[in-house]
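Just so you know, these numbers use all the heavy atoms, side chains as well, and skip hydrogens, waters and symmetry mates.
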Amino acid sequence: MRYRIKLDIFEGPFDLLLFLIRKNEVDIYDIPIADITEQFLEYIEALQILDLNVAGDFIEMVAILMHIKARMLLPKSPLESDDEHEDPRTELVERLLEYKRFKEVSFELQTLESERRKYFPRRDFKFITFPENISTEEYLEKVTLFDLMIAFKRALESMPKVTYHEVRRIDVTVEQQTEFLLEQLRQKQMILFQDLMKQFKEKILLIVTFIALLELVRKGEVVVRQSGVFDDIRIKLKDAA
Amino acid sequence: MEDKTIQIIEALIFASDSPLPVNKIKEILEGIGAREIRAAVNKLNQRYDELPSALKIVEVAGGFQMVTRPDYADYLARLYKSRQTHRLTHKALETLAIIAYKQPITKQEMEHIRGVNVDGVVRTLIERNLITVVGREKAPGNPLLYGTTKEFLEYFGLKSLDDLPKLKEIDELLKGDEKFLESLDQVVLEQMAPEELGIANAEINQDENKSESDAKENDQDESS
């Protein structure tokens, strides 16, 4: 018999872990990692998680459990005293408890939600017409950064769409630019990268020249030097260097 | 205090479209103090009690708001049938709790606590105006920081963030019989395959039929 199981009964891997700890009636500070890991795997197998995003979260937890298991198998260093030796499980336990703390308070929030839903304030104030002379400050009182971001996004989206794209022939080749570079270097001994790029008005020309430069460096025909981060780059012919 | 002043305050709270802060009342009624305003609100509530009235004034989200009493909730729910917002899911409540107590907080920190991706939930909470972007963290990538809104306080009937329920201490967390684990046990027994998972017990036979029909339902859902 096959069962289809809804994964959403567990909000995430921590829920499943807490459930397993409870089911096994073990002390949260002394989790039998090997057993729990095995059961955890059984569960996610049975849960048949199809959503990769969700599965990823659970698999990450398996990795954490395996890592802890491996660390627990390692012998304790003889130099470490008992006090110094940190239980590999500590971090996980702390995260579990932290999660549990918010999980529990979320139930209290749910109670508050139910309570408040019994009170109805007045709604719909459409009959109030806003005066024309409302100050910008007052008008923007409730506006958050996020509202502005959304407004900006909408403005961008409602911009007239450019439906054509111009394709131009690229009449420059890497070979041409390689020649050009070598010629320049023969004349000047050394060129600065900035100076080199400054003379190109078109982006494509700049790109092709850059590729040509990389090609020359790869072939070992030129050398490039830089004195510090963000400093200008000096380009020289190999034999001149 | 003059009756007139109390009536003005009543009118202001009645006509306000959002919880009316004490400062706003002070601005309108020059020379009045916060204590007097509170006294007026108490007086009004006392009058509503005596009448009796279906209304009362509550303090929420840093202001005063006139609301109907819980006794009439059922009728109003019928009035607002199609316009009532859905209750928040557990996923949303959990994430919202983390944001409320830890704000300002990045998505990454929320995910570290919940152990799951929070993109979808955060979007829903923003759409419902319960949280908002409050800034950016001064860290690599400058991730967005989230915090709760005034509407969050109103939604849960809180006066301010100080009004949030206290978080439990560790020893309290360790106590047995937690509400949510129990509810989880219940769901697990109902929805999962107990014998497959090694938590089989005497109730299986009863549960089996139910699980089977559930499975069938799901099959239909998928094919349709």
Under 4.5 Å from any heavy atom of chain A - which part of [X]:
| X | answer |
| --- | --- |
| B:Lys56 | side chain |
| B:Val58 | side chain |
| B:Leu55 | neither |

Identify the heavy atoms of [X] and [Y] that sit nearest to each other, and give their distance.
| X | Y | answer |
| --- | --- | --- |
| A:Leu109 | B:Pro165 | CD2-CD, 4.4 Å |
| A:Tyr119 | B:Pro70 | CE2-CD, 3.6 Å |
| A:Pro13 | B:Val116 | CD-CG1, 3.4 Å |
| B:Tyr155 | A:Arg116 | O-CG, 3.2 Å |

**Prompt:** Quick check: are there more than 12 heavy atoms from other residues, nucleotides or ligands sitting under 6.0 Å from CZ of B:Arg87?
**Reply:**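 Enclosed: over 12 neighbouring heavy atoms sit under 6.0 Å from CZ of B:Arg87.
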**Message:** Take a 6.0 Å sphere around CD of A:Gln226 and say whether it holds more than 12 heavy atoms from other residues, nucleotides or ligands.
**Reply:**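 Check passes, neighbour count above 12.
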Please confirm whether the backbone N or O of [Y] pairs with a side-chain atom of [X], one donor and one acceptor, at under 3.5 Å?
| X | Y | answer |
| --- | --- | --- |
| B:Thr68 | A:Phe120 | yes |
| A:Glu104 | B:Lys168 | no |
| A:Asp57 | B:Asn117 | yes |

**Request:** Could I get the full list of side-chain hydrogen bond (donor to acceptor under 3.5 Å, both in side chains) partners for B:Arg69, not counting sequence neighbours?
**Result:** B:Asp49
**Asked** So A:Phe102 and B:Leu167, side-chain contact (heavy atoms from CB on, under 4.5 Å) or not? Walk me through it.
**Response** CA-CA 8 Å; A:Phe102 287 107; B:Leu167 286 174; 4.3 Å; yes
**Prompt:** Cationic tip of A:Arg122 within the cone over B:Phe14's six-membered ring, i.e. under 6.0 Å and within 45° of the normal?
**Reply:** yes
To the nearest 0.5 Å, tell me how far [X] [atom1] sits from [Y] [atom2].
| X | Y | atom1 | atom2 | value |
| --- | --- | --- | --- | --- |
| A:Asp15 | B:His90 | CG | NE2 | 9.5 Å |
| A:Gln110 | B:Glu94 | CD | CD | 11.0 Å |
| A:Leu112 | B:Leu153 | CG | CG | 11.5 Å |
| B:Leu93 | A:Glu108 | CG | CD | 12.0 Å |

**Request:** Output the option from A:Arg95, A:Glu98, A:Glu60, A:Gln39 having the highest count of non-hydrogen pairs under 4.5 Å with chain B.
**Result:**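 Sorted descending by pairs with chain B, the first entry is A:Arg95.
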**Winner by heavy-atom pair count (cut-off under 4.5 Å) against chain A, out of B:Ile98, B:Leu96, B:Thr89** =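 It is B:Ile98.
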**Request:** Among the options B:Gly135, B:Ala100, B:Gly157, B:Ala97, pick out the one with the most heavy-atom pairs lying under 4.5 Å from chain A.
**Result:**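 Ranked by heavy-atom pairs under 4.5 Å with chain A, first place is B:Ala97.
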**Asked** So what's closer than 4.5 Å to chain B heavy atoms on A:Leu97: side chain, backbone, both or neither?
**Response**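 For A:Leu97, the contact with chain B is made by backbone and side chain together.
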**Message:** I want to check something: taking the side chain as every heavy atom from C-beta on, are B:Phe156 and A:Glu115 in contact at a cut-off of under 4.5 Å?
**Reply:** no
**Prompt:** Any ring pair (Phe, Tyr, Trp, His ring centres under 6.0 Å) pairs touching residues 96-148 of chain B, not counting sequence neighbours?
**Reply:**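 Output for this query is empty, none listed.
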